[in-house]
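Here is the structure we will look at.
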2 protein chains.
Amino acid sequence: MRVRDKLTDGLPAPTPAEAKIVQLLLADYPLSGLGTAAQIAKRAGVSDPTVARLVAKLGYASFADFQAELLAELEARLHSPLLMMEARRVPAGDDHVARAYIRSATRRMADFSDKVTPAIFDQVEELVMEAPGRVYLLGGRFSRHLAGMLAGYLGQFREGVADLGLCSSETFDRLVDMGRRDVLIVFDYRRYQSDVVRFSEQAAERGVRLVLFTDPWLSPVAAGALHVLVAPVEVESPYDTFLPPLAQVEALCTLIVARRQERIEKRVVEFENAREANGVTMSGATMSGAATKDRNS
Amino acid sequence: MRVRDKLTDGLPAPTPAEAKIVQLLLADYPLSGLGTAAQIAKRAGVSDPTVARLVAKLGYASFADFQAELLAELEARLHSPLLMMEARRVPAGDDHVARAYIRSATRRMADFSDKVTPAIFDQVEELVMEAPGRVYLLGGRFSRHLAGMLAGYLGQFREGVADLGLCSSETFDRLVDMGRRDVLIVFDYRRYQSDVVRFSEQAAERGVRLVLFTDPWLSPVAAGALHVLVAPVEVESPYDTFLPPLAQVEALCTLIVARRQERIEKRVVEFENAREANGVTMSGATMSGAATKDRNS
DNA sequence: TCAATTACGAAATGATATTGACATAACCGA
DNA sequence: TCGGTTATGTCAATATCATTTCGTAATTGA
């Protein structure tokens with residue numbers, strides 16, 4: 001039963017003081033119930049114990065219990081309209097699964113874009129580009145592909161970038177080469193993989209500075225990480241989405257390029273020349289892509 | 001200034017503990033900030049005074065002051081649902097590079113989500129899941145990670161999935177095993193890689209059915225492909241984005257799961273058991289993630 | 001009008017929260 | 001490697017809160 005219903009129908013014969021409180025709580029439901037019991041009492045013009053007695057009468061074990069239910073309702077009310085907001089344009093429901101998924105993921109991205117903390121990107125950018133040692137990349141079963149992608153970009157930006165790939169027994173051998181001067185970038189999303197966590201912990205013990213990409217539930221790696229980049233992953237799908245994490249990766253790369261333009265340009269040009277010379281990319285009618293693409297299209 | 005803005009931009013260089021709190025508060029904003037400071041501290045894994053110090057740093061006289069503003073915002077939001085739209089404020093222009101990028105990518109995604117053609121997903125789903133032979137995955141320098149990710153998912157859905165990884169000279173040896181019964185899924189975005197194109201063409205000649213993920217300028221592979229999935233890649237960045245392509249990949253997987261539930265569930269459960277038995281994932285307080293995750297958080 | 005019952009507030013209490021002071025640990029520059 | 005600095009947890013003091021107890025006022029039924 002909803003809290004609101006209990007307020008309206010839960011009391012067969014409310015006393016005058018009770019009526020005052022109920023009226024106040026319903027006035028701008030559910031916000032008025034969010035403060036302390038004392039505040040409610042004062043605003044309703046009754047004494048503190050009367051409020052306590054009321055919630056007890058309504059069947060709650062305590063005022064805290066009552067407030068917890070109120071919060072749960074508020075959460076439901078706050079979450080669903082937010083996520084439905086943009087979906088309403090389309091008579092959702094019998095939409096195609098694929099399009100529904102992309103819409104859902106897009107909404108998640110929009111939600112995420114308002115919660116980005118730029119400062120952490122600055123810090124990670126600084127750490128990764130200034131690290132005197134090497135930069136190692138590690139990921140879980142799926143997230144390792146994010147690691148690989150970031151490794152690909154970083155390799156264009158600086159030397160000494162190493163993608164550890166799949167975490168195997170041999171991977172642990174790499175630990176002996178890792179130390180204070182190095183940085184380890186870990187991707188770990190639920191369900192957190194024990195080998196990734198163990199490797200990260202051992203690296204942290206060796207003084208390696210850790211950067212962690214994870215979900216809001218925080219991988220255990222977070223404990224030893226210097227910087228933690230959190231991204232939402234939930235969508236209307238049995239699987240979690242990697243779109244927000246990928247957005248973080250790409251945003252970080254964009255930031256690095258913006259900050260270290262001169263240093264990177266030289267390096268990228270050399271790469272391009274090497275690739276060109278070996279005919280790696282199609283020469284013909286291709287547009288200038290990647291790092292050198294023109295911006296006017 | 002809104003509380004949320006202070007959280008995202010109020011700290012030029014948040015300390016690790018501060019970052020933890022900020023992320024928690026943003027995670028399900030603004031509800032997570034409604035409890036007591038002690039609750040927040042416990043959930044963020046920091047001490048009570050650290051929370052108090054943070055709100056002080058953000059310019060609030062006290063924690064109560066901070067919470068009062070939070071409540072005021074919540075009230076405004078609840079009273080006029082239209083205000084929720086206003087939350088999508090227009091960036092001032094001198095926005096941080098990282099956030100500007102994510103906003104840009106989000107807009108690209110929103111644009112893309114209106115242009116999805118569901119039919120092609122159905123066709124690809126059918127082709128991939130019904131193919132009597134094997135399913136091969138191939139990608140370019142960066143896009144091969146998308147291929148790897150899709151390979152990871154597909155491997156859970158059916159047998160005979162092979163990620164070809166980096167296109168090397170040895171990769172071409174695999175051609176001899178490929179034939180009419182097989183499917184090759186190619187990821188090729190500008191700049192199109194000649195080895196990927198050549199491999200795909202030769203596969204097509206052998207009767208392998210091709211599925212191509214590419215950008216609007218169409219990789220040369222498109223000529224011999226049975227199905228082509230196009231996704232926009234341009235953003236406000238020197239690099240192209242892989243967000244829309246990744247969204248396609250994830251949407252395809254979601255579709256497959258939705259269509260082949262029974263068949264897949266058995267397979268996934270077996271995988272899970274094997275992983276469980278070998279302690280691959282953290283056993284403790286981890287939520288049930290991925291395919292078996294619960295949806296009530 | 002009276003007595004019994006219920007409602008209610010004042011004060012007290014035990015618990016909890018906030019915040020300041022202090023100490024330790026981590027970090028940074030030399 | 002070593003001071004100086006900052007960050008952060010521990011402890012303690014104070015304030016506040018929820019809740020119990022008790023006494024009084026209001027209400028009800030005869």
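The basis for the numbers below is simple: all heavy atoms, side chains too, and nothing from hydrogens, waters or symmetry mates. Here is the naming used below: chain letters follow the sequence lines, and residue numbers restart at 1 for every chain.
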Under the ring-ring contact (aromatic ring centres under 6.0 Å, His included) rule, collect the residues that match up with F199(A), sequence neighbours excluded. F172(A)
Under the ring-ring contact (aromatic ring centres under 6.0 Å, His included) rule, collect the residues that match up with F121(A), sequence neighbours excluded. none
Can you check the [X] [atom1] to [N] [atom2] distance for me, whole Å?
| X | N | atom1 | atom2 | value |
| --- | --- | --- | --- | --- |
| Y60(A) | dA18(D) | OH | C1' | 17 Å |
| R53(A) | dT19(D) | CZ | C1' | 10 Å |
| I21(B) | dA7(D) | CD1 | C1' | 12 Å |
| F63(B) | dC17(D) | CZ | P | 13 Å |

Can you tell whether the side chains of [X] and [Y] come within less than 4.0 Å, N to carboxylate O?
| X | Y | result |
| --- | --- | --- |
| R2(A) | D5(A) | yes |
| K42(B) | D48(B) | no |
| D111(A) | R107(A) | no |

Listed in order of residue number, which residues of residues 22-50 of chain A have a non-hydrogen atom at under 4.0 Å from DNA chain C? G45(A), V46(A), S47(A), P49(A), T50(A)
Applying side-chain hydrogen bond (donor to acceptor under 3.5 Å, both in side chains), can you list everything that pairs with K57(A), at least two apart in sequence or on another chain? E18(A)
Chain B on DNA chain C: first and last contacting nucleotide, 5' to 3', under 4.0 Å to a heavy atom? dA17(C) to dG20(C)
Parallel, tilted or perpendicular: rings of F157(A) and Y153(A) (30°, 60°): parallel
Degree of bending, the helix from dT1(C)-dA30(D) to dA30(C)-dT1(D) (end axes from five pairs; round to 10°): 40°
Please lay out, stage by stage, how Y189(A) and F142(A) fare under the test ring pair (Phe, Tyr, Trp, His ring centres under 6.0 Å). CA-CA 9 Å; Y189(A) 298 86; F142(A) 289 100; over 10 Å; no
Would you say CD of E130(A) has more than 12 non-hydrogen atoms from neighbouring residues, nucleotides or ligands within 6.0 angstrom? yes
So does Q23(A) have more than 12 non-hydrogen atoms from other groups sitting under 6.0 Å from CD? no
